[in-house]
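FYI, side chains are in, hydrogens and waters are out, and symmetry mates aren't considered; it's all heavy atoms of this structure. Small disclaimer: the values here were computed from a predicted structure and weren't measured.
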Amino acid sequence: MPPLVQLPTVPRAFYNRDPRIVGRELLGKVLLRREGRALLAGRIVECEAYLGPEDPAAHAASGKTARNAVLFGPPGYAYVYFIYGNHWCLNVSCLPDGTPGGLLFRALEPLAGIPRMAANRHLEPSQLRLIASGPGRLSEALAITRPRDNAKDLTSPKSDLRIVDDGFRPDAIRESPRIGIRKAMDLPLRYTIANSPYISAKRP
DNA sequence: TTATAGATTGCCT
DNA sequence: GGCAATCTATAAT
């Protein structure tokens, strides 16, 4: 297996599709972060699709604003927002320019840079499943913020935040209702790798 | 201009 | 299981 940094970056065309397709196929891919000379990485084990006007739970549902503009732009870009006065959440835009949609990254299986990620989370490196099992935790582990990362191109091999494919394919994928929303709670748009111990704790 | 809900987390009982 | 923390976007006055 070549080093993580030499793996192929997932191309823009991958994201130029319905988030419900992209979400399923994103499971197992590797999110890479360069922090100075350090390399941080984790395998995507949980994500959620957010659609357009037909999805009342989506930020894009109420129209384009300065905050959510990335969701309306071309596919493959980072949409980062702040929630509950405490946490940053990372999404990737999907569908062509002008059509809103995206995926929320909810949990990673830590792969590389574990001591650094644990330090970012004020944890011991042994507390593996607390490092990135939740959207706020994931962002804190990778030091993701809106000022630093919003609108960043996740498909550029030179980007300090990107997604690569190491060939791993999950044995089984689970679809379930999305977490933490008050609207459209019945839609099964949450995707997890079945039996992964690294998904966020609420509900299997 | 003020109010409130929110794609969460961690600490309390 | 309950709830405070703490900021922002948007809705309501």
Exercise for the section: Output yes if the stacking criterion (under 5.5 Å between centres, under 30° between planes) is met for Y50(A) over the base of dA7(B), else no. Expected result: yes
Practice task
Starting from the 5' end of DNA chain B, give me the residue, A57(A) or E140(A), whose nearest nucleotide shows up first.
Solution key: A57(A)
Exercise for the section: Check the distance between dA7(B)'s P and L138(A)'s CG and give it to me in whole angstrom. Expected result: 17 Å
Completion exercise
Atom CZ of R137(A) and atom C1' of dT8(B) are separated, to the nearest Å, by 9 Å
Exercise for the section: May I ask you to check whether S196(A) and E109(A) show a side-chain donor-acceptor distance below 3.5 Å? Expected result: no
Practice task
Would you tell me if any nitrogen or oxygen in the side chain of R182(A) comes within less than 4.0 Å of OP1 or OP2 on dG6(B)?
Solution key: yes
Exercise for the section: Could you state the atom-to-atom distance from CZ of R106(A) to P of dT8(B) in whole Å? Expected result: 5 Å
Handout entry: Flag, side chain of D153(A) to backbone of Y77(A), donor-acceptor distance under 3.5 Å
Key = no
Completion exercise
Between NE2 of H87(A) and C1' of dC7(C) the distance, given in whole Å, is 11 Å
Practice task
Establish, yes or no, whether the cationic atom of R146(A) lies under 6.0 Å from the six-membered ring centre of Y81(A) and within 45° of the ring axis.
Solution key: no
Practice task
Grab the CG-C1' distance between L104(A) and dT8(B) for me, whole Å please.
Solution key: 11 Å
Exercise for the section: Ignoring hydrogens and angles, answer whether the base of dA7(B) and the side-chain atoms of Y81(A) contain a donor-acceptor pair closer than 3.5 Å. Expected result: yes
Problem - E175(A), CD atom: more than 12 neighbouring heavy atoms under 6.0 Å - result: yes
Problem - Rounded interatomic separation in angstrom, taking CG from L71(A) and C1' from dA7(B) - result: 11 Å
Practice task
Could you tell me whether R43(A) and D166(A) make a salt bridge, using a distance below 4.0 angstrom between a side-chain N and a carboxylate O?
Solution key: yes
Exercise for the section: Examine the side chains of R129(A) and S133(A) and answer whether a donor and an acceptor come within less than 3.5 Å of each other. Expected result: no
Measure all distances between protein nitrogen or oxygen atoms and nitrogen or oxygen atoms of nucleotides 8-13 of chain C, and list the pairs falling under 3.5 Å.
unit_1: dT10(C); atom_1: OP1; unit_2: T65(A); atom_2: OG1; d: 3.4

Exercise for the section: Treat a base pair as Watson-Crick or G-U wobble with both distances under 3.5 Å, then lay out DNA chain C in dot-bracket form, 5' to 3', with | for cross-strand pairs. Expected result: |||||.||||||.
Problem - Any side-chain donor near an acceptor of the partner, T192(A) and R174(A), under 3.5 Å - result: no
Exercise for the section: Rounded to the nearest angstrom, tell me the gap between atom CG in L123(A) and atom P in dT9(B). Expected result: 13 Å
Exercise for the section: State plainly whether the residues D55(A) and R20(A) are in salt-bridge range, i.e. N to O under 4.0 Å. Expected result: no
Practice task
Please state whether the base of dT6(C) and the side chain of N86(A) form at least one donor-acceptor pair under 3.5 Å?
Solution key: yes
Handout entry: Quiz item: cation-pi between R17(A) and F14(A), 6.0 Å / 45°
Key = yes
Practice task
Measure the acute angle between the ring planes of F82(A) and W88(A), then classify it against the limits of 30° and 60° as parallel, tilted or perpendicular.
Solution key: tilted
Completion exercise
Rounded to whole Å, the CE-P distance (M185(A) to dG6(B)) equals 10 Å
Handout entry: Pairwise P distance for dT2(B) and dT6(C), with rounding to whole Å
Key = 22 Å
Practice task
Provide the distance between the two C1' atoms, one in dC3(C) and one in dA5(B), to the nearest whole Å.
Solution key: 16 Å
